[in-house]
**Q** 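My questions all concern the structure below.
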Protein chains: 2
Amino acid sequence: MVNSRLSVAIHVLSLIAITSDKSQLTSDFIAGSVNTNPVVIRRMIGMLKKADLLTSQPGIAGYELLKEPKDITLFMIYEAIDGPKQLFTIHEEPNPACHVGQKIQQSLEASYTSVWRAMKEQLQAQTLQDVLDQLR
Amino acid sequence: MVNSRLSVAIHVLSLIAITSDKSQLTSDFIAGSVNTNPVVIRRMIGMLKKADLLTSQPGIAGYELLKEPKDITLFMIYEAIDGPKQLFTIHEEPNPACHVGQKIQQSLEASYTSVWRAMKEQLQAQTLQDVLDQLR
DNA sequence: TTGAGATGTAACTATAATAGTTACAACAGG
DNA sequence: CCTGTTGTAACTATTATAGTTACATCTCAA
């Protein structure tokens with residue numbers, strides 16, 4: 001099983017998108033909705049800020065999206081939260097004296113590339129707006 | 001990053017597939033090619049046996065595939081080694097009193113399903129034979 | 001029939017990733 | 001100045017993975 005950062009990030013962005021009274025959006029309030037610690041939220045928001053997905057100011061409650069929900073793909077969020085850049089790890093240093101060990105890494109690389117591409121395409125095909133539509 | 005069990009499993013199965021002298025295939029020999037501990041190999045082979053991908057006998061060196069490489073998809077191997085059944089974890093117990101918290105889980109479920117399906121299709125589209133062809 | 005070499009498996013350890021938590025500096029605004 | 005907030009560093013707890021040790025059990029040949 002993989003981490004839940006993507007899920008939390010989508011949750012946070014959804015909350016910001018549908019909340020009109022931005023001053024209501026403290027890290028404490030968001031943490032209450034996600035059911036986690038406010039610092040976990042602030043840490044994650046730091047990553048989303050670095051990716052230019054939202055903005056905030058020290059000392060002032062409230063966050064604002066920097067893009068329209070329809071222009072934020074799930075893959076953009078995935079990259080923002082520093083999701084793994086491959087789905088499967090390839091074991092290190094197989095024996096080069098062995099016919100299989102010698103070439104297995106590049107063979108696996110080729111096989112995994114198409115899987116990664118398919119996964120990426122699906123994440124790019126969905127936007128935050130799609131998630132918001134599903135919330136109704 | 002995710003575990004390397006799939007890579008190791010494919011390595012092991014490839015080795016068994018291309019080795020004609022089966023008595024050469026001890027867990028020690030395989031571990032030497034993969035560059036890991038023999039017990040790691042035996043543990044993994046136990047999983048592959050449970051999935052009816054190969055056979056072996058206590059005390060006797062050697063493993064044999066139970067299916068043709070062209071009939072073993074990478075997804076079959078993925079399932080054999082007990083790969084995660086979803087790509088992304090959904091955080092537990094979001095606040096039901098919150099409009100987003102209340103529905104986010106099923107919304108994420110829907111979004112993630114298509115990603116999982118795409119990944120699965122790619123793993124099903126490739127077989128051990130494809131990997132063997134790439135090794136040449 | 002015994003000893004060497006193999007598999008099967010349980011149990012323990014080491015390491016790394018993730019999430020949760022504590023603490024505190026810095027800032028805003030009444 | 002005081003309260004409430006963001007931003008961040010540092011520590012802890014938990015979990016997954018891989019590596020390791022140990023040993024029961026089996027096969028086969030000397």
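Order of the sequence lines sets the chain letters (A, B, ...), proteins ahead of strands, with each chain counted from 1.
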**Q** Within this structure, what is the CG-to-P distance between Asn35(A) and dG20(C), rounded to whole angstrom?
**A** 8 Å
**Q** Given atom CD of Glu92(A) and atom P of dT15(C), what is their separation to the nearest angstrom?
**A** 17 Å
**Q** Tell me which pairs pass ring-ring contact (aromatic ring centres under 6.0 Å, His included) where either residue lies in residues 35-69 of chain B, with sequence neighbours left out.
**A** none
**Q** Using whole Å, what does the distance between atom P of nucleotide dT7(C) and atom CE of Met47(B) come to?
**A**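 Answer to the nearest Å: 16 Å.
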**Q** Are any non-hydrogen side-chain atoms of Leu128(B) and Ser14(B) less than 4.5 angstrom apart?
**A** yes
**Q** Are Thr26(A) and dT6(D) close enough that a side-chain N or O sits under 4.0 Å from OP1 or OP2?
**A**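 Looking at the OP1 and OP2 atoms of dT6(D), neither is under 4.0 Å from any side-chain N or O of Thr26(A).
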**Q** With a cut-off of less than 4.0 Å, is there a side-chain N or O of Lys49(A) near OP1 or OP2 of dG7(D)?
**A**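 For Lys49(A), the contact criterion (side-chain N or O under 4.0 Å from OP1 or OP2 of dG7(D)) is met.
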**Q** In this structure, how many angstroms lie between the P atom of dG7(D) and the CD1 atom of Ile45(A), rounded?
**A**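 About 7 Å, once rounded to whole Å.
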**Q** For the pair made of CG in Asp28(B) and P in dA4(C), what is the distance, rounded to whole Å?
**A** 17 Å
**Q** Do any pairs count as a side-chain hydrogen bond (donor to acceptor under 3.5 Å, both in side chains) and have a residue in residues 44-59 of chain B, sequence neighbours left out, and if so which ones?
**A** Lys49(B)-Ser56(B)
**Q** Atom CG of Asn3(A) and atom P of dT14(D): how far apart are they, to the nearest Å?
**A**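 Those two atoms, CG and P, are 19 Å apart.
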**Q** Quick one: is Ser27(A) getting a side-chain N or O under 4.0 Å of the dT5(D) phosphate, OP1 or OP2?
**A** no
**Q** I'd like to know if the side chain of Ser7(B) reaches the main chain of Thr89(A), judged simply by a donor and an acceptor atom lying under 3.5 Å from each other, with no hydrogens or angles considered.
**A** yes
**Q** Across the strands shown, which category fits Phe29(B) at heavy-atom distances under 4.0 angstrom: base, sugar-phosphate, nothing?
**A** nothing
**Q** For DNA chain C, find the residues of residues 7-23 of chain A with a heavy-atom distance under 4.0 Å and give them by number; none if there aren't any.
**A**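 None, since no heavy atom is under 4.0 Å.
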**Q** Closest nucleotide of DNA chain D for Ala61(A) versus for Gly46(A): which of these residues is on the 5' side?
**A**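 Of the two residues, Ala61(A) wins.
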**Q** Can you check the Gln24(B) CD to dG5(C) C1' distance for me, whole Å?
**A**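 So the two atoms are 16 Å apart, to the nearest Å.
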**Q** For Ile10(B) and Ser111(A), run side-chain contact (heavy atoms from CB on, under 4.5 Å): C-alpha distance rounded to whole Å, both residues' side-chain angles, the deciding distance at 0.1 Å, then the answer.
**A** CA-CA 11 Å; Ile10(B) 293 173; Ser111(A) 292; over 6 Å; no
**Q** Quick one: side chain to side chain contact (heavy atoms under 4.5 Å, CB included) partners of Ser107(B), sequence neighbours excluded?
**A** Val131(A), Gln134(A), Leu135(A)
**Q** With the criterion being N/O to N/O and under 3.5 Å, what pairs connect the protein with nucleotides 20-27 of chain D, and how long is each?
**A**
from: dT20(D); atom 1: OP2; to: Asn37(B); atom 2: ND2; distance (Å): 3.4
from: dT20(D); atom 1: O4; to: Arg43(B); atom 2: NH2; distance (Å): 2.6

**Q** Is there any ring-ring contact (aromatic ring centres under 6.0 Å, His included) pair reaching into residues 90-136 of chain B, and which pairs are they, with sequence neighbours excluded?
**A** His11(A)-His91(B), Phe88(B)-Tyr112(B)
**Q** Do you know which two heavy atoms are closest between Leu25(A) and Ile16(A), and how far apart they sit?
**A**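 Closest approach of Leu25(A) to Ile16(A), heavy atoms only: CD1-CA, 3.9 Å.
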**Q** Rounded to whole Å, please give me the gap between CD in Glu64(A) and P in dT6(D).
**A**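 Computing the Glu64(A):CD to dT6(D):P distance gives 14 Å.
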**Q** If you look at every strand shown and take non-hydrogen atoms under 4.0 Å, does Ile81(A) touch a base, only sugar-phosphate, or nothing?
**A**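 No contact at all - Ile81(A) keeps every heavy atom at 4.0 Å or more from the nucleic acid.
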**Q** Is the closest side-chain donor-acceptor distance between Gln24(B) and Thr19(B) under 3.5 Å?
**A** no
